[in-house]
Amino acid sequence: MRQGYPENEPGLRSGEMREGIERNVQGRTGRVGSNDDKMVYFELGSAKQPPRATLSGALIRKEEDVARVVGRHFVGRLFGEDVANGGVPVIGDE
């Protein structure tokens, strides 16, 4: 707190853990996670600190991005990748 950080948010102090959170979508599977070992202690807690739902918070903050990726994938499967990526289909020669 003396350094200007919130008392109960030690994971925000350097931003390193937040920047290490990644998303990965492959087919019908989406994942949110991190390779930072400290993230386990934040998510599950330890003898010295309570658990903090860090990854679920990241997912909630990224909900709109996740929905956009899933929606684009769904539209691409139904109507083609050109439509999913913003292209307009041309039907016939009018």
Side-chain angles (χ1 to χ4, degrees):
M1 283 181 14
R2 289 187 311 263
Q3 296 175 357
Y5 298 112
E7 179 181 11
N8 291 318
E9 298 185 21
L12 297 178
R13 293 186 179 160
S14 72
E16 185 178 333
M17 282 198 325
R18 180 180 51 225
E19 297 302 318
I21 296 173
E22 299 176 352
R23 70 159 170 84
N24 183 352
V25 178
Q26 293 179 339
R28 296 176 138 186
T29 303
R31 294 183 175 96
V32 174
S34 173
N35 289 330
D36 190 336
D37 293 337
K38 291 180 277 185
M39 187 65 75
V40 174
Y41 297 110
F42 271 78
E43 196 69 28
L44 302 177
S46 71
K48 296 182 180 183
Q49 76 175 25
R52 293 175 171 92
T54 308
L55 292 175
S56 60
L59 180 59
I60 289 167
R61 285 190 299 279
K62 293 290 188 178
E63 179 182 3
E64 194 173 301
D65 293 339
V66 171
R68 186 175 18 260
V69 169
V70 170
R72 190 173 291 143
H73 178 77
F74 179 74
V75 169
R77 291 288 184 167
L78 286 178
F79 302 106
E81 294 300 321
D82 290 340
V83 175
N85 291 320
V88 178
V90 176
I91 301 173
D93 295 323
E94 298 179 2

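Computation of the quantities below employed the complete heavy-atom set of this structure, encompassing side-chain atoms and omitting hydrogens, waters and symmetry-equivalent molecules. Computed from a predicted model, the values in this text were never measured in an experiment.
- Rounded to the nearest 0.5 angstrom, Asp36 CG and Glu19 CD are separated by 12.0 Å.
- Listed by chain and residue number, Ala53, Thr54, Leu55 satisfy the side-chain contact (heavy atoms from CB on, under 4.5 Å) test with Glu43 (two or more places apart in sequence, or in another chain).
- Taking a 4.5 Å side-chain heavy-atom cut-off between Ile, Leu, Val, Met, Phe, Trp and Tyr, the cluster of Val40 extends to Leu44.
- A pairwise comparison of heavy atoms in Ser34 and Gly20 identifies OG-O, 3.5 Å as the closest pair.
- Expressed to the nearest 0.5 Å, how far CE of Met39 lies from CZ of Phe42 amounts to 8.0 Å.
- For Arg61, the side-chain contact (heavy atoms from CB on, under 4.5 Å) partners are Ala58, not counting sequence neighbours.
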